[in-house]
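Following: one structure in structure tokens, then a few remarks.
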Amino acid sequence: MKRIFWLTVGAGTALYAQRKAMRFARSLAPENLAVRAVENAVKTGSTTGDRLRAFAEEVRAHMAEREAELNEAIHLDQEPPVDPRRSRPIRILQARPVEDHELRAIDNHDDSKDGTHGVG
């Protein structure tokens, strides 16, 4: 009788373990992993999407602010303010035109002779 009891307990344990293993193996199937990934993305996606939208709005706000600053600088450069202590108006944007001979000198410069290899 003892042998039949332990044989039944062993067979029951083996069936239980086999079913658990099959369930676990099915949960790792590509279709089930994809479904789980989509469900998790939907759960966390709303908070991530909100954060991305807030970040994009902040970037747009700073971009508009910087664009306004640049437009103001361009406007001031076109009509520079007059300083009574100076004889000529002050330029806001400090850019100077490049002469043709300077461009030719840059184009004709051979970096291999001076050893800088394009640096400096």
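Numbers here simply count residues along the sequence, with the first being 1.
For CD1 of Ile4, the number of neighbouring non-hydrogen atoms (other residues, nucleotides, ligands) closer than 6.0 Å is 12 at most.
Distance CZ/Phe5 to CG/Leu7: 11.5 Å, rounded to 0.5 Å. To the nearest 0.5 Å, atom CD1 of residue Ile74 and atom CD of residue Glu69 are 12.0 Å apart. For the atom pair CZ of Arg3 and OG1 of Thr8, the computed distance is 13.5 Å after rounding to the nearest 0.5 Å.
Looking only at side-chain heavy atoms (C-beta outward), Phe24 and Lys20 stay at 4.5 Å or farther from each other.
A salt bridge does not link Arg36 with Glu39: none of the charged nitrogens is closer than 4.0 Å to a carboxylate oxygen.
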